Amino acid sequence: MLFEDPIVPSSSPLIAGLNAEQASAVLLPAEHALILAGAGSGKTRVLTTRIAWLLQSGQVSPGGILAVTFTNKAAREMMTRLSAMLPINVRGMWIGTFHGLCNRFLRAHHKLASLPATFQILDTQDQLSAIKRLCKQFNVDDERYPPKQLQYFISGCKEDGQRPQDVVARDEETRKKIELYALYEEQCQREGVVDFGELMLRSYEVLRDNDPVREHYQRRFRHILIDEFQDTNRLQYAWIKMFSAPPLEGLSSSGNAVFAVGDDDQSIYAFRGARVGNMADFVREFQVRHQIKLEQNYRSVSNILDSANQLISHNTHRLGKNLRTDAGAGEPVRVYEAVSDFAEAQWMVDEMKQLAREDVPRSEMAVLYRSNAQSRVVETALFNAGMPYRVYGGLRFFERAEIKHALAYLRLLENPHDDTSFLRVVNFPPRGIGARSIEQLQDVARASGCSLHDAVSAVTGRAGVAIGAFVAKLDVVREQTEGSTLREIIELVLEHSGLIEHYRAEREGQDRVENLEELVNAAESFVSVEGFGRDAVALPVDELGKPLTQSPASQGLDPNLPVLDEPLAPDAETGETLSPLAAFLTHAALESGDNQAQAGQDAVQLMTVHAAKGLEFDCVFITGMEEGLFPHENSMSDREGLEEERRLMYVAITRARKRLYLSHSQTRMLHGQTRYNLKSRFFDELPEACLKWLTPPQPAWAAPGGMGGGGQWQNGRRGGFGAPAALQPAWSPGFKERGDPKGLGQAEPEPDRGTEIRAGLTVFHNKFGEGKVLAVEGAGADARAQVNFTRHGTKWLALSVAKLTPIT
DNA sequence: ATGTTCTACCTTTTT
DNA sequence: GGTAGAACAT
């Protein structure tokens, strides 16, 4: 479409509150663009306003928009904001997660994709159990080929867009893995299920191999917008390329524009296949002419922002970006060194109480940690202090065992050949079908190449009767629920499966019963509130009146292909849509459900740094700032890993608006044993002027519960900046001697006779330099010490040989 | 076939 | 320190 009138930004209320950078991003011409959006720079706002602007100015109709996010939450937010900005039908737009949109696409083109119309989606757990089952069937040595590792291998291949035949087998082990990958694919295909990677890969292949389909979508989607572009993997990038016209055709002739928004500094999912390099590739391959940096931060005070900037400047190969803020300096970043993880948690609670007195809502206080295991101490301290808190992460609703059981029954109603689900519940609750019977059944199924369900009739003897009864019951329920509502189906399944009964009899089963009852509610709200589920299913046909509109030939679109205006497209040929049950199951697989429903109460927020991405709080505590924890020991050996850890730290810091607290502890219980960690190297990468080092007013190891003084800290600045932690005036040992002759209170390590080397000491070694003793084992000539050296990592040393000098 | 104890595992994880 | 899966006993 062409424009007669020039666009006048100020005339549009949409543009009104935007700064110059943001407005220019929103108003870019319909060409490829990369927006480098720093933390807190209004990224989501730019993205949604861009869409709103495109629509309002008539450059594109809702059907011409393809907007991709990573999380359902982000997709929801975009839709909500959009419908608030414009009185339009957001349903016509393709806004969703990569996987949600792939699902939509594959439902519509399932024949081209060689999938049954009712294919079900395996989540990560399902995938693992499918692989385990496969390995058992083919007698794979699970010592040599752990199922988890196979899962990682298969997912990795798919994320790189590789089928078994594409993978190069450099060694015997890889060859075997590839073989299993192929067998796994066969199994999934036979059972009519797809995993997350397959959703992406299969839709990519349909687009790649079907010219008319691809060209149709290329013509349809005039504007392709991608959020969190730095987190895309190879396959996702290739997928996006399919929707945009090939570069050879020339940019202007293709008529569609890719608008990618991302921040290389916030790329924290490389370990999962994300490729920051996609940003540079995009600029090169799409010949991107418009790059805009959003560097104005609207979130944090400058002490916090400067800390983030300085930290991230230690990374190499950045695209380059420096955030600025108009908010004043604010409070300094407070740093606290605790004696134990317990004391650290206690100190935080004391600080939080103080904050609460200053009228900071608890929900504006967040505790961030590197790994989930760290939440426990904090939880205990908060619990003892009677302060409400909410832990994010962990099991989500649709991942709970009891819910997965119920879903397995439901899936069997929809597709009796789903062997994964079959095995999950054939003997749960226990109904006398043991491993032997199941093996028998599997043998028959394998021999005749059919599903477990179909093999039942051929199984003889007692096993046959028991399993036959199970299958018969399922068949009866399936018949009974013909024409029933989703709610009725679920209620009937819960009743007949015996799940509720089973959990009711269990001592600890009350929560599970409640969750199962909650499943009915989840289904209800899926049907009503969500108008049948935004990303999962089409509205009932008669409600919109046009489940499948044909594209006008005048726009150059293939009239034989569907416009797919419905979130969950009906079959391209038959117009067939999913049953409410099938749609609900899809919804359950793609949207794992909220973590805990205990929302509503004003509670302190606890989560991993990963989980905090995209969120913001007035006050943020980052805990466990220690070598080995943050940066994590598994990532700190190579530069790549370390830089990702640094980006993670950057994300953590930039979550805070007004106050930031960093803490580390001299000792920490991890995996059941006490560890002695050096403080994180990241402290050395923060601007000293922004920091305020807190010192405990009195020996903090005095007694559990009575520690911490409630915020009256002295301002004790510590050794010179930039020096490695261990080279600073060693204060930990001296600290110890000040009050407690026994050292670290209850956490006193085994003393070593003969030498004075003890865990917790900072020592000097002629070759390795300074380090902290982590543990001492054995006695006399056999005595060994584990020492974490600043420059050489962790080593075990024989004390009879190595000369270790304690530094005081 | 099922309930109980014991031993190995253990970053992060939007879908 | 906590959990999940396997060996073990009933």
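Values reported hereafter were calculated over all heavy atoms of this structure, with side chains retained and with hydrogens, waters and symmetry mates removed. Naming: A, B, ... by sequence-line order, numbering from 1 per chain. Since this is a predicted model, take the numbers as computed values, not measurements.
A cation-pi arrangement is found for A:Arg390 relative to A:Tyr392, the charged atom lying closer than 6.0 Å to the ring centre and inside a 45° cone about the ring normal.
Residue A:His671 is the one, among A:Thr124 and A:His671, whose nearest nucleotide of DNA chain B lies closer to the 5' end (criterion: closest heavy atom). Comparing A:Pro430 and A:Glu228 by the nucleotide of DNA chain B that holds the closest heavy atom to each, the one mapping nearer the 5' end is A:Pro430.
For A:Met669, taking side-chain heavy atoms from C-beta onward, the closest of the listed nucleotides C:dG1, B:dT12, B:dT15 is C:dG1. Among the nucleotides B:dC10, B:dT13, B:dT15, the one closest to any side-chain atom of A:Leu590 is B:dT15. For A:Ser371, taking side-chain heavy atoms from C-beta onward, the closest of the listed nucleotides B:dT12, B:dT13, B:dT15 is B:dT12. The nucleotide whose nearest atom lies closest to any side-chain atom of A:Phe70 is, among C:dG2, B:dT15, B:dT14, B:dT14.
One atom, CG of A:Asp142, and another, C1' of C:dA4, lie 14 Å apart when rounded to the nearest Å. At whole-Å resolution of the value, CZ in A:Arg436 and C1' in B:dT2 are 16 Å apart. To the nearest angstrom, P of B:dT15 lies 10 Å from NZ of A:Lys73. Atom OH of A:Tyr152 is separated from atom P of B:dT11 by 14 Å (rounded to the nearest Å). Counting to the nearest Å, the P atom of B:dT14 and the CZ atom of A:Arg76 are 14 Å from each other. Atom CG of A:Leu101 and atom C1' of B:dT14 are 14 Å apart (whole Å). Rounded to an integer number of Å, the gap from CG of A:Asn233 to P of B:dT14 is 15 Å. One interatomic measurement links the two molecules: CZ of A:Arg370 to P of B:dT13, which rounds to 8 Å at whole-angstrom precision.
In this structure, A:Asn427 does not reach the B:dA1 phosphate: none of its side-chain N or O atoms is under 4.0 Å from OP1 or OP2. Between A:Ser155 and the phosphate of B:dT15, there is no side-chain N or O to OP1/OP2 separation shorter than 4.0 Å. Phosphate contact (OP1/OP2 of B:dT2, side-chain N/O of A:Arg431, threshold under 4.0 Å): absent. Contact check, A:Arg675 against C:dG1: no side-chain N or O comes under 4.0 Å of OP1 or OP2. Checking the phosphate oxygens (OP1, OP2) of B:dT11, no side-chain nitrogen or oxygen of A:Asn372 falls inside 4.0 Å. Between A:Thr71 and the phosphate of B:dT15, there is no side-chain N or O to OP1/OP2 separation shorter than 4.0 Å.
The residue A:Thr69 sits apart from the nucleic acid: no heavy atom pair falls under 4.0 Å. Nucleic acid contact for A:Lys132: sugar-phosphate only, since backbone atoms but no base atoms lie under 4.0 Å from a heavy atom of the residue. A:Phe271 comes within 4.0 angstrom of a base, heavy atoms only. Within 4.0 Å of A:Thr232, counting heavy atoms only, lies no atom of the nucleic acid at all.
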Legend entry - Stepwise side-chain hydrogen bond (donor to acceptor under 3.5 Å, both in side chains) check, A:Ser665 with A:Glu344: CA-CA 6 Å; A:Ser665 171; A:Glu344 183 188 33; 5.2 Å; no
Legend entry - Residues A:Gln230, A:Glu228; criterion side-chain hydrogen bond (donor to acceptor under 3.5 Å, both in side chains); working and verdict: CA-CA 5 Å; A:Gln230 78 283 351; A:Glu228 307 279 18; 2.8 Å; yes
Inset, instruction - Verify salt bridge (Lys or Arg N to Asp or Glu O under 4.0 Å) between A:Glu198 and A:Arg163, making sure each step is shown before the conclusion. - result: CA-CA 10 Å; A:Glu198 191 69 30; A:Arg163 290 294 180 191; 2.7 Å; yes
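Taking the centre of each ring, A:Phe119 and A:His110 stay at or above the 6.0 Å mark.
For residues 624-648 of chain A, proximity to DNA chain B is found at A:His632, A:Asn634, A:Ser635, A:Glu645, defined as any non-hydrogen atom under 4.0 angstrom from a strand atom.
For the residue pair A:Asp195 / A:Tyr184, a side-chain donor-acceptor distance below 3.5 Å is found, with atom types taken as modelled. At a cut-off of 3.5 Å, with distance as the only test, no side-chain donor of A:Thr420 or A:Asp126 sits close to an acceptor on the other residue. Between the side chains of A:Asn233 and A:Glu159, no donor-acceptor pair is found at a separation under 3.5 Å.
Between A:Phe153 and A:Tyr181, the two ring planes are perpendicular [angle over 60°; tilted spans 30° to 60°].
Because its glycosidic torsion is within 90° of 0, B:dT11 is reported here as syn.
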